[in-house]
Amino acid sequence: MKVNEYKMASSIEEALTTLATSPTEYRMLAGGTDVLPRFRDNLIKEDKILDLTLLKAELGFITMDETGALHIGAMATHQEIVENEIIKEHFSVLQDACRTVGSIQIKNRGTIGGNIMNASPAGDALPVLIAADAEVILISVGGERRMLLEDFLLGPGKTAIKSDEILKEIVLPKVYHVSRSNVKYEGQYRKLGGRKALTISIASVAVLKDHENKIRVAYGALSPRIQRASAVEDYVNSAAELDMDSLYQVVEKCVNPLSDVRASAEYRKKVAANLTRMILMQMRYDFKDESGEGGC
Amino acid sequence: MAENKWIGKKITRYDGREKATGALKYMADLEFPDALAGKILRSPYAHALVKGVEIAEAEGMLGVVAVLTAKDVPGLNGFGIEGPDQPVLCGERVRFIGDPVAVVFAEDLESAENAVEKIKVDYEILPAILTPEAALEEGAIKIHEEGNILRHHKSSNGDVEAAFKEAAVVVENTYTTPYEEHAYIETEGGFGLPLEDGGVELYYPAQYCFRDRMQLSAVLALPQEKIRINSNPLGGAFGGKDDMLLQPILALGAIKTGRPVKIHLSREESFMASTKRLPFKLTMKTAADKNGKFLAHKVFGISEAGPFAGISGAVFNYAFENAFCVYKFPNTDLEGICVFTNNSVTGAFRGFGNNQMTFGTESQVDQIAEALGMDPIKIRRLNCVKGGERYSHGHKVNESVIGIDKCLETMENSDMWKQREDFKSQTVEPWIKRGVGIAISQHGGGLGNLLDDTATAQIEVLSSGIINVKVSNEEMGQGSLTTFWLIAAETLGVAPEMIEISSGQTHNAPDSGPATASRSTFIAGNAIIKTAEALKDELKVLGKELWGTDEININSQGIYCVTCKTNFISWTEISAALSKKGIDSVSRTVAMPETDIKIDLGLHFIHTYVSQIVDLEVNTLTGEVTLIQTEIFPEAGRVINRLGYEGQSEGGSVMSMGYTIMENFKIKDGKAMTRNLQTYLVPTAADIPEIKVTPVELVEKEGPFGAKGLGEPASIPITPAITNAIYDAAGIRIKDLPASPERVLMELCK
């Protein structure tokens, strides 16, 4: 679609008023790292752009409240998250996820809000956020509403946003302590791509340990919708002893991958289980079978 | 060896500053006032008849200046290095998805793109040939009138079957290799300009301006003198800009519209229309006696050229010329078939068929060594061609054949090889397995015996005192301008700063052949030396006429009489002094040395040898292969410029590392599934291992300052070195490239 209208909002208020009074929908532009290539490939149905760049002043924050919950403004970039000291100290697994986004240039432009709104099943920040029960705050002229990110993401490119809303912030409840120094044991994100950098995920997995020492798991690029892998969580949290066959079976219940030009569904399933096992072993969970070498 | 002033040192590139600062203008960066934008309409079908092309609506659209179809081609509607079987614009038939049918030139690109959508083409869809096997089926539709077979080679020596019976070990395998996209940063693009005399001038990145001019002369029905081509510089080529692509369309546009025209392909269009590396399926059967001495090597190979001959037949031949790698096999049997299909167009790609073949042969050699419990380097040293021996094809090559064993010996004595067990033992996680692999390759320089291979250089001393050295060989990133610069400076005995190189201009440089075949350093270098020596001779004659002595010396200031130091002519005066004698420039031609016998594969006399070690890790849970370090040992004669030499060695290694573990060009029903760099992954800096370059410097007597070519050779041994290392690490033999995480994990699960 050709762009017929381009508007740059200078404040949240202006953006919301614009949305509330527009008879047709705008395509929101934050960092542009997904929107611009999609425009070029004619994959965007809207013909109007609302540029949110100037909302950075209001929505670029990263803070921690008195309850210990983290608040990340939708316009915070991946690179800002990677470099942020609060996140480094309290939820550094998110830094590991954001570090795997594209290139330095893309991390400098791309925002966490954009990663969510793009709603790609392969979105690099999403499995960690969903495993952590992150919530999103949506705002319109009528006020704010808050919901679980897991419920907000409905499928590839689909979210529960309304046409007069924008994504304001992401809230991470205080149930983890994943600092830079203990990240290996308390929570991990692992992305598998076709190369070491600048690549779209073939499969990814986030495994977190909450304050009750319970495991939480979410997979990326393995299902149309990213959701908590509750069967895997239940198995790991309740089994007396872990074994690979059982893990493989529960992982298979939680994923529903595609075969595409990047990888086959069969490979994605195998690797989902293997990555889970790899992380669990690094988090000092023992498997009764094998030495940890095999992966079939 | 006499001490050289410039040769063998680390010298910053001739074009380094301009490239590093972005000042250098590539062709599509140029600007010409009033230039029209061109957009090509391409076939959406792999194979179809063109029953009609309706252009009236497009012609009438705003901003459109011309809509051209096959009817507008004044001369021969075809081109191709081997023969003109590729239409400039298809008027009768399309043979691949992307074949051009029409082109619109308009005031701006948007108008051209809009108009292209209004062209109506009436296609009658034909059955498409989508696999090499289908091309050979009885009754298969013929892609060209002469049939679907481009090459069928058969040759043998001795009795392989008898050798297989008596052998202690026989290894038989089938290997497959995929298409590979060059993925140069600069997609194809440039300008066509009308000339006042009815001729045309092109600014377009290409690897051989003179051959393009010859082909364009036939297409345009214009004498060659009316066609001027500027083909230098290129933003990467790797063989992918060897044959023409947009040149005829740009020339046609300029002539028909009378205005400058520009086309610059998007990445998707470049992927669609440009050539790819030939895919191969190779079945190899190799035998050795109980001592590891090779007895026989039998190869059956099938490959596809895509829809046109291009230069694919020569690539195919070259693969089979290298079927024996560096080894002596007493019994041999080769058969290969290269066919036309309606898949992607194929052509030259760094290594020219040798990568595919050497992957197979060097995998076979490792398996024989393992079966006999032999060391992989020792079995190679035992069987390689030694000094004075003939190659397995029966021909004699030059003396530097001793470089093969020297490469193996140097690798055997390297720290990386000696410390391989240490490297392998240093793993922490149980799912990380480490392995070490080696391989060796040879690569002939030059066009081979089937073609005349000569080069002419020209040197002109300008009135500014600048010494202008002219050759046609283009600079495509490989560093040839720096090489020519240093060779000229060293030969003349002047500072490199005094020398300016002209290349890739049909009207301003002589024909020194294509910038291909790892030939530029060798043959253009030799031509420059011969021409520079001739200039020195002229200058000495000049000095003698002026000062009556033979004791004439040349330096950066000019020429002077050694005994009477007051007599001196500066370089700014030399031009006029030579002109007075009727000399405006000096020019000389050299030829590539040839082999004593010739066969239909086109043999080479001069070879570069390269051995390589790879240390890597295999993740047995994900199938990921991570290269940790590699050391490459090229025997490419003497080093001309250490920086360029290392650059080619590192670049070749990384490029083929991508081919081996990552690049996965997928094509379905004639359509590329990997249509751009989002899905067709090439290595990034994060994927690159530590690379050590250790030159094995033998003096090549025939070469310029003892040098040989290195551009392609550096890209060959790493592929089997990687797959041999994967076997060493994880016990799986990768026979189908690429060794992607998926393939590796699936092999582990077998």
Side-chain angles (χ1 to χ4, degrees), chain A residues 2 33-34 37-38 40-42 99-100 102-106 122 184 190-205 244 247-248 257 259-282 286-287 290-296, chain B residues 110 113-114 266-268 427-433 618-627 654 657-658 661-668 671-689 729-732 738-750:
Chain A
K2 220 170 128 180
T33 57
D34 284 307
R38 289 174 71 81
R40 187 175 159 270
D41 285 347
N42 253 328
R99 202 174 281 118
T100 70
S103 60
I104 293 285
Q105 293 90 331
I106 290 171
K184 184 173 177 187
R190 178 71 206 265
K191 166 178 168 179
L192 178 73
R195 64 184 168 200
K196 305 269 183 271
L198 200 65
T199 183
I200 293 175
S201 182
I202 289 171
S204 65
V205 55
M244 195 56 208
L247 180 67
Y248 192 89
S259 283
D260 64 13
V261 72
R262 291 189 178 86
S264 71
E266 188 194 355
Y267 173 69
R268 284 186 156 115
K269 276 185 197 170
K270 260 192 221 303
V271 96
N274 285 349
L275 287 172
T276 312
R277 172 205 179 111
M278 189 190 301
I279 293 177
L280 288 171
M281 285 181 68
Q282 283 179 331
D286 288 331
F287 281 77
E290 304 175 58
S291 58
E293 296 177 14
C296 302
Chain B
E110 203 178 334
E113 284 171 348
N114 289 339
S266 66
R267 183 62 66 183
E268 288 78 9
T427 54
V428 183
E429 310 288 8
W431 51 83
I432 299 294
K433 302 291 176 197
V618 176
N619 183 324
T620 56
L621 290 177
T622 62
E624 290 167 289
V625 172
T626 304
L627 270 69
V654 172
M657 177 192 77
I661 66 172
M662 190 180 295
E663 298 180 34
N664 205 352
F665 191 88
K666 290 185 178 169
I667 190 160
K668 193 173 172 233
K671 187 170 185 171
M673 300 286 101
T674 39
R675 60 183 202 102
N676 60 26
L677 294 170
Q678 194 183 35
T679 46
Y680 185 81
L681 301 182
V682 298
T684 69
D687 300 286
I688 298 176
I732 50 166
S740 61
E742 174 158 3
R743 175 155 288 133
V744 169
L745 189 67
M746 293 310 183
E747 284 295 323
L748 283 165
C749 290
K750 268 184 190 168

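When side chains are defined from C-beta on, A:Glu266 does not count as touching B:Cys749, because their heavy atoms never get closer than 4.5 Å. You'll find the side chain of A:Met278 stays beyond 4.5 Å of the side chain of B:Glu429, heavy atoms only.
Residue A:Val261 forms a side chain to side chain contact (heavy atoms under 4.5 Å, CB included) with just one option from B:Gln678, B:Lys666, B:Lys668, and that option is B:Lys666.
Between the CE atom of A:Met244 and the CG atom of B:Leu621 there is a distance of 7.0 Å, given to the nearest 0.5 Å. Atom CG of A:Leu192 sits about 8.5 Å away from atom CG of B:Asn619, to the nearest 0.5 Å.
The parts of B:Met673 that come within reach of chain A are both its backbone and its side chain, each placing non-hydrogen atoms under 4.5 angstrom from that chain. Neither the backbone nor the side chain of A:Ser103 comes within contact range of chain B; no heavy atoms are under 4.5 Å apart. With a 4.5 Å cut-off on non-hydrogen atoms, B:Glu663 does not touch chain A at all. A:Arg190 touches chain B through its side chain: at least one heavy atom from C-beta onward sits under 4.5 Å away, while N, CA, C and O do not. With a 4.5 angstrom heavy-atom cutoff, B:Thr622 touches chain A via backbone and side-chain atoms both. Contacts between B:Glu268 and chain A at a heavy-atom distance below 4.5 Å involve the side chain alone, from C-beta outward. Residue B:Val625 touches chain A through its backbone alone, counting heavy-atom pairs closer than 4.5 Å. Interface residue B:Arg675: only side-chain heavy atoms are found under 4.5 Å from chain A.
Minimum heavy-atom separation, B:Pro430 to A:Met281: CG-CE, 4.3 Å. Between A:Arg262 and B:Glu742, the closest heavy-atom pair is O-OE1, 4.4 Å. When every heavy atom of A:Arg195 is checked against every heavy atom of B:Leu677, the shortest pair comes out as NH2-O, 4.3 Å. Here the closest heavy-atom approach between residue A:Gly193 and residue B:Pro741 is recorded as O-CG, 4.5 Å.
With respect to chain A, the highest number of heavy-atom pairs below 4.5 Å among B:Thr679, B:Val682, B:Leu748 belongs to B:Val682. By number of non-hydrogen pairs under 4.5 angstrom with chain A, the leading residue of B:Ile661, B:Thr626, B:Asn664 is B:Thr626.
At most 12 heavy atoms of other shown residues, nucleotides or ligands fall within 6.0 angstrom of atom NZ in B:Lys671.
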